[in-house]
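Inspection log for the structure reproduced underneath, given as structure tokens.
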Amino acid sequence: MFRVRVPDEVFDPYEEYEHLPTFISIRLHHGGIFSKGRSRKYLNGTVTYVDLIDSDLLSCHELVCITQKLGYPDEQKRFFHFVRPDSDLQFGLQALGNDTDIRVLLEYVPECKLFDVYTEHWETRLDTYLKSPMSSKVRIEQLPDEETPAPKKKSKRKLYLEWHEETPASEDVEHSGKDVEHVENVEVTENVEVTEVTGKDEETPAHVEVTPAHVEIPESMMNEFDPFFGINFDDDFDQPGRGMDDQPGRGMDDQVRGMNDEADRGMDEQPGRGMDDQARGMEDEVDDGMDYEVDDGTEDEPGMEDEVDGKEDEVDSGMVDEGNIIQDAVDVDVDMSNFNWTFVDGDIDGPVNLENFESASDSEETLESLRRKKLRQVRRQKQKEQPTSVNFFVGQSFGSKAEVKRLVKLHAVETRRNIVILRNDKGKEVASEETCPWVLHVSPVKKEETWMVKTYTDTHKCLQTRSVNACTASFLADHIVQTIAPNPEIPIRAVKEQLERKYAVSVSRVKSFRAKSMALNKLRGDYAQQYGLLRRYLLEVKRTNPDTTVKLDVEATIDPSSPTRQFKRVYICLGPLKQGFKACQRDLLGLDGCFMKGPYPGQILTAVGVNPNHGTYPLAYAVVEAETKSSWAWFLECLGDDLGLQRNSNFTFISDRQKGIVPAITQVFPSAEHRYCLRHIEENMKLRFKGKAFKEHLWKCAAASTVPMFNKAMDELKAFNGSFHGWLRQIPPKHWSKAYFTGRCHCDIVLNNICEVFNAQLVNGRDKPIITALEYIRQYLMKKIVNVQKVIATHHGPLTPAATKTLDKIKVEAVDYDIIWNGGIEYEVSGPWQDQVIVNVQNKTCSCRHWELTGMPCKHAVATIWYMAMNGEGAGLPESWAHECYWLSTWKKVYDFKLSPINGPKLWPENDSPTTLTPPKHHIQVGRPKKKRLRTTDHASQSVVKGSKISKAGTSVTCAKCHNKGHNSRTCKGI
């Protein structure tokens with residue numbers, strides 16, 4: 001099957017063969033000759049493109065058929081060569097003379113779809129036929145019908161080889177009709193001539209005498225020539241014989257197998273052949289009809305002439321295990337000197353000798369071999385040029401019934417016809433059309449796991465249609481997976497247009513949406529199916545990352561003997577993150593939650609810390625059913641177990657006051673410091689008190705680091721607006737003002753943006769199935785650690801970059817302060833605006849409390865440190881007074897704990913649990929699900945300005961006549 005491309009036709013093999021992995025095209029160079037000299041060129045030739053060539057059925061005979069279709073006579077001798085895709089015409093030209101050469105070409109099919117093939121006519125100027133992986137070559141010749149000899153009766157004639165040594169004193173080595181098992185110290189002349197002696201008497205053996213003859217061989221080949229190619233004389237496996245192409249030596253059995261190929265070419269028409277090719281005539285049976293048979297001293301077994309045909313039939317059928325195929329030494333160049341194959345289960349002790357695993361001879365199944373040969377001939381005759389990629393023919397075999405149905409559907413869509421499967425059972429598969437003679441009958445072969453086409457009529461008389469029943473959403477999903485994989489966000493309209501353009505059928509928007517959803521499920525995994533694999537995934541995460549905490553909670557069941565359990569919650573705290581958080585030396589965690597999308601909605605709870613560079617450091621995450629007091633309490637208990645926190649621990653949390661989190665922290669950690677995010681307090685404030693003045697007063701109260709400063713700010717707020725003062729007083733200041741914060745966590749943040757930043761990175765993973773979503777988070781964390789390490793490697797100094805920048809600003813403000821020492825450990829520091837405080841260098845505290853809250857020396861402390869250095873007290877640099885959590889060495893230590901990668905699902909450990917995990921309960925949310933998160937007032941005001949004016953979008957219009965809102969004076973109805 002092939003098609004000669006029309007001139008100027010546009011045909012891209014890589015695009016057309018996207019769903020046909022075995023199809024290739026050939027750029028055939030014919031009618032010319034190769035130039036002589038160092039720079040090889042093909043002169044006076046013509047280029048023709050041949051498409052739709054199935055590489056599984058490619059053979060030398062197919063190349064001859066192609067050239068015959070181009071008009072070349074049958075009696076013309078033709079030699080074919082191809083250029084390796086990774087080389088050029090000068091160094092990458094290889095012969096195409098037999099099936100071994102074809103297999104060399106097929107190795108490039110997965111990466112290359114267009115091959116350059118060069119043709120020589122009548123004779124060849126190249127030596128590529130002598131440098132093939134096999135020493136036996138076949139020259140393709142089409143003999144005229146009138147010259148074909150009539151079949152003759154086979155007569156067994158023994159072949160006698162007389163090997164003459166080059167030195168006169170040597171003795172001849174004679175080979176009779178017995179097998180030669182061992183030969184020692186034999187030398188053979190390099191130039192030999194084979195003379196065939198025929199006899200009429202059937203009982204009288206014919207002899208072939210090998211005598212020295214003068215044959216000119218290029219000097220370049222003399223160094224590579226080995227007359228004993230592939231024959232091992234002294235059992236020295238450490239020095240295997242090498243041939244002209246450095247291929248491992250072939251044994252005598254492999255050399256005898258090539259005689260069928262040798263018959264087509266003729267032994268006298270191959271220049272420069274060595275004794276290794278001619279010695280194949282030993283112990284052979286010569287047939288006057290050019291059929292060579294092996295005589296091993298036993299009775300003649302019918303079917304031996306089909307041995308090679310049977311092997312070709314196995315290749316043509318495509319039923320080859322590419323991952324476990326065992327090839328001869330002539331096909332691949334493999335170093336077997338250190339090979340040691342042992343069974344893991346201990347069934348065989350010691351290395352296994354591969355020579356004991358030889359395949360059975362096809363001669364044992366004579367009838368089957370003949371039948372396969374005839375079927376192969378029928379398949380070649382029935383293959384026709386068709387415009388579709390699915391070509392049925394009588395004798396075609398399939399591995400399963402599902403494959404047949406898939407190809408029938410594909411044929412129906414590509415031909416745009418409604419094909420109906422009339423009978424579908426275990427015995428046969430019949431596809432046909434009601435008003436059309438087209439019919440396909442496929443049934444299984446007895447005693448084999450093979451389905452074969454028994455009847456096929458390829459004539460269509462029905463009209464084509466754009467509404468094909470076989471074009472279902474599942475069919476389309478299988479064919480757009482590769483399109484969806486690199487671009488999951490491709491619009492539905494683009495999917496619809498692509499499918500209609502490819503198959504020329506009608507595809508609705510709903511069907512396109514369903515096809516895309518099915519394709520995404522195949523790529524990401526089914527939502528419900530992934531819950532069944534969740535336990536195995538968690539075991540793999542724990543195995544690869546030591547000290548990892550994984551907790552899985554299921555719904556309570558009434559029947560304890562039930563084989564299923566319903567998923568409820570899962571908590572993950574990776575071991576390296578746990579150790580890295582402890583190395584941060586900051587007892588602060590931000591708590592937040594974000595919703596999950598998809599058919600099983602829930603909430604992702606996260607706990608994020610602050611690293612030494614004022615960046616985020618995620619610690620743990622969990623998937624729960626909803627943000628409730630119960631789920632938050634469970635999450636906090638898991639955190640407490642990982643961090644070793646007790647009920648009375650003085651830990652610091654900051655949150656947005658989500659539903660249930662405030663009572664949960666009070667219940668689990670009543671002694672903990674719980675900060676409220678000031679930004680969310682501000683958003684609640686804007687619902688009643690709008691304006692920049694309210695925001696400034698709020699932030700002034702929150703930034704006050706001492707209680708007197710806080711009270712003064714609150715008094716100013718009360719004088720500004722008493723209602724707002726009363727509203728703010730309802731929120732305890734210990735949750736939002738720095739004046740009431742403790743300095744245990746060495747951080748004075750009042751915003752929970754550390755969680756907001758982390759949740760923003762999870763947006764693209766929250767709509768995926770459960771395992772895919774968890775893997776999205778894990779891979780993000782693994783990549784983040786690597787990226788931070790790259791940043792750390794570019795910085796040098798005692799402090800982290802962010803801490804250095806903060807301290808530089810403090811140094812600028814510290815210049816304006818004066819210092820008075822009391823002679824002990826305290827200093828009086830005074831500056832502008834009546835700013836006067838006391839600094840205690842021993843306790844590292846200041847009256848302003850900034851040093852105590854952050855661990856970073858404040859402006860008063862920096863001025864004191866400079867004063868101490870000027871007086872020779874050995875204070876050192878201000879950087880040395882910063883807390884250890886700001887050191888660059890601490891930053892490096894935090895990110896020395898790396899996450900380990902995990903294996904794919906096929907390598908996950910098996911789960912020992914007797915129950916199967918099922919998806920969680922589905923709670924239908926009230927109202928239409930929202931696609932976007934709620935925008936704050938600040939976000940809404942960013943799009944208000946249009947050009948140089950302020951837009952009135954989002955404002956209420958007041959009528960000038962009736963003074964009512966919702967309309968203006970032009971539309972006022974006077975009511």
Side-chain angles (χ1 to χ4, degrees), residues 521 524-557 562-581 593-594 596 598-608 618-626 630-643 758 762 765-785 897-921:
N521 288 339
R524 301 173 178 174
D526 185 73
Y527 282 85
Q529 184 181 6
Q530 286 201 10
Y531 283 96
L533 300 175
L534 183 58
R535 284 195 177 105
R536 295 182 57 192
Y537 167 77
L538 298 178
L539 291 175
E540 176 67 13
V541 172
K542 290 189 64 176
R543 184 188 67 83
T544 55
N545 293 273
D547 197 26
T548 296
T549 301
V550 172
K551 294 186 179 181
L552 180 63
D553 193 9
V554 297
E555 296 285 352
T557 178
S562 175
T564 60
R565 294 292 186 271
Q566 198 168 28
F567 172 83
K568 186 177 182 180
R569 303 163 181 162
V570 62
Y571 167 87
I572 299 177
C573 181
L574 299 173
L577 297 182
K578 190 188 308 182
Q579 298 173 1
F581 175 79
C594 56
M596 289 189 65
Y600 303 104
Q603 293 285 331
I604 300 179
L605 306 184
T606 57
V608 184
L619 172 62
Y621 50 94
V623 177
V624 298
E625 68 281 7
S630 175
S631 61
W632 274 116
W634 178 79
F635 183 70
L636 291 173
E637 289 174 356
C638 295
L639 279 177
D641 294 340
D642 285 332
L643 300 179
F758 179 61
L762 309 182
R766 284 156 36 189
D767 60 341
K768 296 176 173 56
I770 179 68
I771 296 180
T772 309
L774 295 177
E775 263 299 278
Y776 186 92
I777 300 175
R778 189 195 63 83
Q779 291 185 11
Y780 164 76
L781 297 174
M782 187 167 59
K783 294 178 181 179
K784 178 182 174 64
I785 293 176
F897 302 99
K898 306 176 184 63
L899 296 181
S900 300
I902 68 173
N903 293 316
K906 295 181 180 180
L907 301 177
W908 289 349
E910 293 296 334
N911 176 34
D912 297 335
S913 177
T915 59
T916 302
L917 204 61
T918 59
K921 297 179 180 179

When rounded to the nearest 0.5 Å, the distance separating CZ of Arg778 from CG of Leu899 is 7.5 Å
Quick test of your reading: applying ring pair (Phe, Tyr, Trp, His ring centres under 6.0 Å), list the pairs with at least one residue in residues 530-557, sequence neighbours left out, ordered by first then second residue. Tyr531-Phe567, Tyr531-Tyr600, Tyr537-Trp908
Not counting sequence neighbours, which residues clear side-chain hydrogen bond (donor to acceptor under 3.5 Å, both in side chains) with Thr915? List them please. Arg535, Ser913
What residues, two or more places apart in sequence or in another chain, satisfy side-chain hydrogen bond (donor to acceptor under 3.5 Å, both in side chains) together with Gln529? none
Go through the steps to decide whether Asn521 and Tyr527 satisfy the test side chain to side chain contact (heavy atoms under 4.5 Å, CB included), and finish with yes or no. CA-CA 8 Å; Asn521 288 339; Tyr527 282 85; 3.9 Å; yes
Rounded to the nearest 0.5 Å, the SG atom of Cys594 sits from the CZ atom of Phe758 at a distance of 8.0 Å
Pair Glu540-Leu907, side chain to side chain contact (heavy atoms under 4.5 Å, CB included): steps then yes or no: CA-CA 9 Å; Glu540 176 67 13; Leu907 301 177; 6.0 Å; no
Side-chain donor/acceptor of Thr548 to backbone N/O of Gly575, under 3.5 Å: yes
What residues form a salt bridge (Lys or Arg N to Asp or Glu O under 4.0 Å) with Lys578, not counting sequence neighbours? Asp547, Asp642
Per the salt bridge (Lys or Arg N to Asp or Glu O under 4.0 Å) rule, what does the pair list look like for residues 903-914, sequence neighbours excluded? Arg536-Glu910
Under a 4.5 Å cut-off applied to non-hydrogen side-chain atoms, are Leu917 and Leu552 in contact? yes
Are there over 12 heavy-atom neighbours, none belonging to Lys898, within less than 6.0 Å of that residue's NZ? yes
Closest non-hydrogen contact found for Ala607 with Leu639 is CB-CD1, 3.8 Å
Suppose we screen for side-chain contact (heavy atoms from CB on, under 4.5 Å). Which residues come up paired with Pro546, at least two apart in sequence or across chains? none
Set of side-chain contact (heavy atoms from CB on, under 4.5 Å) partners for Lys551, sequence neighbours left out: Thr549, Tyr571, Trp634, Cys638, Asp641
Please tell me if the side chains of Ile785 and Leu577 come closer than 4.5 Å, counting only heavy atoms from C-beta onward. yes
Smallest separation among heavy atoms of Ser630 and Arg569, with atom names: OG-NH2, 2.9 Å
Give, for atom CG of Leu534 and atom CD1 of Ile770, the distance between the pair rounded to the nearest 0.5 Å. 6.0 Å
State which residues pass side-chain contact (heavy atoms from CB on, under 4.5 Å) with Ala773; sequence neighbours excluded, sorted by chain then number. Met596
When rounded to the nearest 0.5 Å, the distance separating CG of Asp767 from CG of Leu762 is 11.5 Å
Of all residues at least two apart in sequence or in a different chain, which pass the salt bridge (Lys or Arg N to Asp or Glu O under 4.0 Å) check with Arg766? none
For the pair Asn545 (side chain) and Ser900 (backbone), establish whether a donor and an acceptor sit closer than 3.5 Å, ignoring hydrogens and angles. yes
For the CD atom of Gln566 and the OG1 atom of Thr557, what is their distance to the nearest 0.5 Å? 9.0 Å
Between the side chains of Ser631 and Glu625, does any donor sit under 3.5 Å from an acceptor? no
Euclidean distance, Leu774 CG relative to Ile572 CD1, rounded to 0.5 Å: 4.5 Å
Looking at every heavy atom in both Pro599 and Pro601, which two are closest together, and how far apart are they? O-CD, 3.4 Å
